[in-house]
Amino acid sequence: LKERIKEIKCLYDISSLSDGTIFSLDGILQGIVDFIPSAMPYPEIACARILFNRYDFTTKNFKETKWKLSQEIKVNNEQIGALEVCYLEEKPELEERPFIEETKNLIASIAESIAQIVERDWAEIEIRKCRKKIKEILQKN
C-alpha cells in the first residue's frame with residue numbers, strides 16, 4: 001500500500017506540474033524527472049533521465065547503470081524520446097528482478113503523461129502560428 005501511495009503521489013505531482021505555474025516544456029520535463037526517484041521502491045538509489053529530441057533532462061545524481069528500465073515516449077505512434085530509470089547500486093533483493101511489474105506500469109504511465117504534455121505543447125504552438133497567420137491576413141485586408 002505504501003508503494004502505491006508513492007506512485008499515485010508521483011502521478012499527481014506530474015499532472016500538477018503540467019497544469020501549474022511552470023510554462024516551459026523544458027521546466028515541466030525537468031520537474032517530472034525530479035519527481036520520479038521518490039516514487040521508486042528504493043528512492044535513495046534511484047535516478048532518472050528523459051531523452052527528448054536532442055536534449056536530456058536528468059536527476060542530479062543520474063548515472064546509467066545495468067539496473068535500468070527504459071520506456072519509449074511516443075506521440076502519434078512515433079517515438080519522440082525515452083524515459084529511463086536506473087538504480088545506482090546493486091541490492092541483493094534487486095538481483096533477480098530490479099523492477100517489479102508495478103514499477104514498470106508506473107514508468108509506462110509517466111511516459112504516457114509526458115507524451116500527452118508534449119502533444120499539448122505542440123498543439124498550442126500550432127494554434128499560435130495559425131492565429132498569427134490569421135491576424136496577418138486580416139491586417140492586409
Side-chain angles (χ1 to χ4, degrees), residues 1-140:
L1 182 63
K2 184 178 173 184
E3 292 303 316
R4 291 294 298 156
I5 291 170
K6 284 177 19 180
E7 292 171 7
I8 291 166
K9 182 179 179 340
C10 180
L11 291 172
Y12 174 78
D13 289 342
I14 288 169
S15 77
S16 298
L17 262 180
S18 64
D19 294 336
T21 57
I22 299 174
F23 297 108
S24 75
L25 183 58
D26 290 358
I28 291 170
L29 294 176
Q30 185 62 54
I32 290 170
V33 85
D34 289 338
F35 280 129
I36 293 171
S38 65
M40 296 296 103
Y42 302 98
E44 68 280 1
I45 62 166
C47 61
R49 170 168 66 180
I50 297 172
L51 301 166
F52 175 67
N53 287 338
R54 295 176 303 275
Y55 303 101
D56 62 336
F57 302 89
T58 64
T59 52
K60 289 179 179 161
N61 66 339
F62 183 79
K63 180 180 171 192
E64 193 165 346
T65 69
K66 66 180 182 177
W67 309 286
K68 177 171 93 171
L69 177 61
S70 184
Q71 178 69 44
E72 292 180 344
I73 300 170
K74 291 184 174 185
V75 170
N76 299 324
N77 291 325
E78 183 179 326
Q79 183 175 351
I80 61 159
L83 171 58
E84 299 176 345
V85 177
C86 299
Y87 284 126
L88 298 170
E89 61 186 58
E90 186 174 15
K91 286 197 171 253
E93 55 271 27
L94 297 176
E95 282 182 29
E96 283 290 316
R97 292 178 20 195
F99 295 98
I100 59 174
E101 203 60 37
E102 291 83 1
T103 303
K104 292 177 184 178
N105 291 339
L106 174 64
I107 297 306
S109 294
I110 293 171
E112 179 62 30
S113 294
I114 293 167
Q116 291 170 357
I117 291 166
V118 169
E119 192 171 25
R120 185 176 64 213
D121 185 69
W122 289 354
E124 289 173 0
I125 290 169
E126 287 304 311
I127 289 169
R128 284 194 294 274
K129 286 179 186 177
C130 289
R131 283 183 180 155
K132 183 179 177 185
K133 284 181 185 179
I134 290 168
K135 188 175 180 180
E136 289 171 359
I137 290 169
L138 292 174
Q139 286 176 345
K140 288 180 183 178

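- For the pair N61 and C47, the tightest heavy-atom approach, listed with the atom from each and the gap, is OD1-CB, 3.3 Å.
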E126/K129 under salt bridge (charged side-chain N to carboxylate O under 4.0 Å, His left out): CA gap, chis, key distance, verdict: CA-CA 5 Å; E126 287 304 311; K129 286 179 186 177; 3.5 Å; yes

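- Side-chain N/O atoms of D26 and Q30 include no donor and acceptor closer than 3.5 Å.
- To the nearest 0.5 angstrom, I36 atom CD1 is 12.5 Å from F57 atom CZ.
- Smallest separation of non-hydrogen atoms from L69 and T103: CD2-O, 4.2 Å.
- For the pair M40 and L106, the minimum side-chain heavy-atom distance is below 4.5 Å.
- With a 4.5 Å cut-off on side-chain heavy atoms, I80 and W122 count as touching.
- Atoms SG and NZ, on C86 and K63 in that order, are 10.0 Å from each other to the nearest 0.5 Å.
- Put simply, the side chain of I110 reaches to within 4.5 Å of the side chain of I32, judged on heavy atoms.
- Under the 4.5 Å side-chain criterion, counting only non-hydrogen atoms from C-beta, E44 is not in contact with L88.
- For the atom pair CD1 of I28 and CD1 of I114, the computed distance is 11.0 Å after rounding to the nearest 0.5 Å.
- I117 CD1 to E112 CD: the interatomic distance, rounded to the nearest 0.5 Å, is 10.5 Å.
- Rounded to the nearest 0.5 Å, atoms CG (L29) and CG (L83) are 10.5 Å apart.
- Residues A46 and P37 come closest through the heavy atom pair O-CB, 3.8 Å.
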Evaluate the side chain to side chain contact (heavy atoms under 4.5 Å, CB included) criterion for residues L25 and F52: first the C-alpha distance (whole Å), next the side-chain angles of each, then the deciding distance (0.1 Å), finally the verdict. CA-CA 11 Å; L25 183 58; F52 175 67; 3.9 Å; yes

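- Side chain of E84 to main chain of Q71: no donor-acceptor pair is present (N/O by atom type, distance under 3.5 Å, no hydrogens or angles).
- Checked by atom type and distance alone, the side chain of D121 never pairs as donor or acceptor with a backbone atom of S24 at under 3.5 Å.
- Around atom CD of E78, no more than 12 heavy atoms belonging to other residues, nucleotides or ligands sit under 6.0 Å away.
- From I73, atom CD1 reaches atom CD1 of I50 across 5.5 Å, with rounding to the nearest 0.5 Å.
- At a cut-off of 3.5 Å, with distance as the only test, no side-chain donor of D56 or T58 sits close to an acceptor on the other residue.
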